[in-house]
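Notes for the one structure printed next.
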Amino acid sequence: MPKFAANLTMMFNEVPFLDRFEAAAKAGFKYVEYLWPYDYPAEELKAKLDQYGLKQVLFNTSAGDVANGEWGLAAIPNREADARRDIDQALEYALALQCPTVHIMAAVVPERENRSAYENTFVENVRYAAEKFKPHGINICLEALSPEVKPNYLLKSQFDTLAIVEKVDRDNVFVQLDYFHAQNVDGNLARLTDKLKGKFSHVQIASVPDRHEPDEGEINYQYIFDKLDEIGYDDYVGCEYKPRGDTVAGLGWFEKYKN
Ligand SMILES: O=C(O)C(=O)[C@H](O)CO
Ligand SMILES: [Mg+2]
């Protein structure tokens, strides 16, 4: 049965971020993920995890200058120093939070830019990270984002991500399989899951089209959860969705899965 992680960036927005650890634990979660930890000292976050008996299972490298259109730096040519500074920072936080996986964000590729230069930069920066993280047993995930959410992001299809993972060719680098994006771009989710078996090490879920709880929309998540069990997937499933209304009121789907 999947191990569900509350996404504290998207869920429990009824309370300030630092109060969401308690809210998630009270709602029955044992695992959490969130996009970025960097606004807080790692020690403060670790204290929250320990206080509420939670395990951190994922966070991202910095998104960069979001106000000016950046969504990750690791693929931007001539920004390697900044990207590797962020990778080093992510390693510090992953060690402090005892977090097993870091999602390295690639970049938005502006129109008319050379995509292959971005891909090559991303491969080299991910290899840098893979080699720094390996001695600590920390894995890396790379994620495709649907154009509806993030136009011109480097990775659009799950197969774009798989191609980069294979080019990086390091045994601690995997696909981050976000079924919301996968359905929007690739579809055919059951066959996709079979094709990615062994190549993905973190899953995220949300309904399609509205990115709400997994109990609505066009994806049959019970079928997906059974498929994940069938292939022996035993990593985490991040609940990266915008609650329809009150977070706790929307957790009826979770009752039967409480770890
Ligand atoms: O947007 C997503 O689906 C993610 O998982 C990243 O955290 C941010 O792009
Ligand atoms: Mg995601």
Side-chain angles (χ1 to χ4, degrees), residues 2 4-13 17 20 31-39 56-76 83 86-87 89-90 93-94 97 99-109 118 122 126 129 139-158 160-162 164-165 173-186 189 192-193 196 199-214 217 219 221 224 228 233 235-243:
F4 293 100
N7 185 299
L8 302 186
T9 304
M10 306 271 274
M11 301 169 74
F12 300 103
N13 280 220
F17 180 77
R20 296 177 194 171
Y31 312 105
V32 295
E33 63 175 34
Y34 40 86
L35 271 64
W36 302 288
Y38 311 111
D39 287 343
Q56 176 96 34
V57 296
L58 183 85
F59 64 86
N60 301 343
T61 53
S62 168
D65 185 357
V66 174
N68 283 305
E70 291 181 351
W71 200 246
L73 304 180
I76 303 179
D86 292 351
I87 286 165
Q89 182 189 40
Y93 269 81
L97 300 176
C99 184
T101 303
V102 173
H103 164 212
I104 296 184
M105 298 182 69
V108 171
V109 183
Y118 277 68
F122 192 42
V126 173
N139 288 338
I140 289 160
C141 277
L142 312 177
E143 183 187 27
L145 304 178
S146 57
E148 175 189 282
V149 170
K150 194 52 68 177
N152 300 321
Y153 191 71
L154 178 69
L155 307 176
K156 186 168 86 167
S157 158
Q158 301 301 315
D160 296 337
T161 312
L162 182 60
I164 295 288
V165 168
V173 180
F174 300 88
V175 172
Q176 179 167 314
L177 177 48
D178 184 325
Y179 281 106
F180 169 78
H181 296 298
Q183 175 65 4
N184 276 286
V185 176
D186 299 289
L189 297 181
L192 175 72
T193 304
L196 291 176
K199 302 281 189 177
F200 66 98
S201 84
H202 192 85
V203 165
Q204 291 174 318
I205 60 172
S207 70
V208 174
D210 296 325
R211 208 169 189 178
H212 290 321
E213 287 83 349
I219 299 176
Y221 269 110
I224 294 293
L228 291 171
Y233 174 76
D235 265 303
Y236 301 97
V237 176
C239 301
E240 196 178 41
Y241 65 79
K242 299 171 294 188

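Numbering of ligands and ligand atoms starts at 1, following listing order.
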**OP:** State whether Gln176 contributes an N/O/S atom found under 2.8 Å from the Mg ion (ligand 2).
**Re:** no
Original post:
What is the name of the N/O/S atom in Glu240 that sits closest to the Mg ion (ligand 2)?
Top reply: OE1
Original post:
Which atoms of ligand 1 are found less than 4.0 Å from any heavy atom of Glu240?
Top reply: 2 (C), 3 (O), 4 (C), 5 (O), 6 (C), 7 (O)
**OP:** If you have a sec, work out which protein heavy atom is nearest atom 7 (O) of ligand 1 and how many Å separate them, to one decimal?
**Re:** Asn60 ND2, 2.8 Å
Original post:
Of the choices Leu35, Thr9, Leu145, which has the non-hydrogen atom that lies closest to atom 1 (O) of ligand 1?
Top reply: Leu145
**OP:** Mark yes or no for whether Asp186, through its side chain, and Gln158, through its backbone, hold a donor-acceptor pair below 3.5 Å.
**Re:** yes
Subject >> the Mg ion (ligand 2) - closest N/O/S atom in Glu143 >> reply: OE2
**OP:** On the 0 to 90° scale, with breaks at 30° and 60°, tag the His202-Tyr236 ring pair as parallel, tilted or perpendicular.
**Re:** tilted
Original post:
Non-hydrogen atoms of Trp71 versus ligand 1: any pair closer than 4.0 Å?
Top reply: yes
Original post:
Is it the side chain, the backbone, both or neither of Lys150 that has a heavy atom closer than 4.0 Å to ligand 1?
Top reply: neither
Original post:
Contact between Met10 and ligand 1, counting heavy atoms under 4.0 Å?
Top reply: no
Original post:
How is the N/O/S atom of Asp178 that comes nearest to the Mg ion (ligand 2) named?
Top reply: OD2
Subject >> Proximity flag Gln176 to ligand 1, non-hydrogen atoms under 4.0 Å >> reply: yes
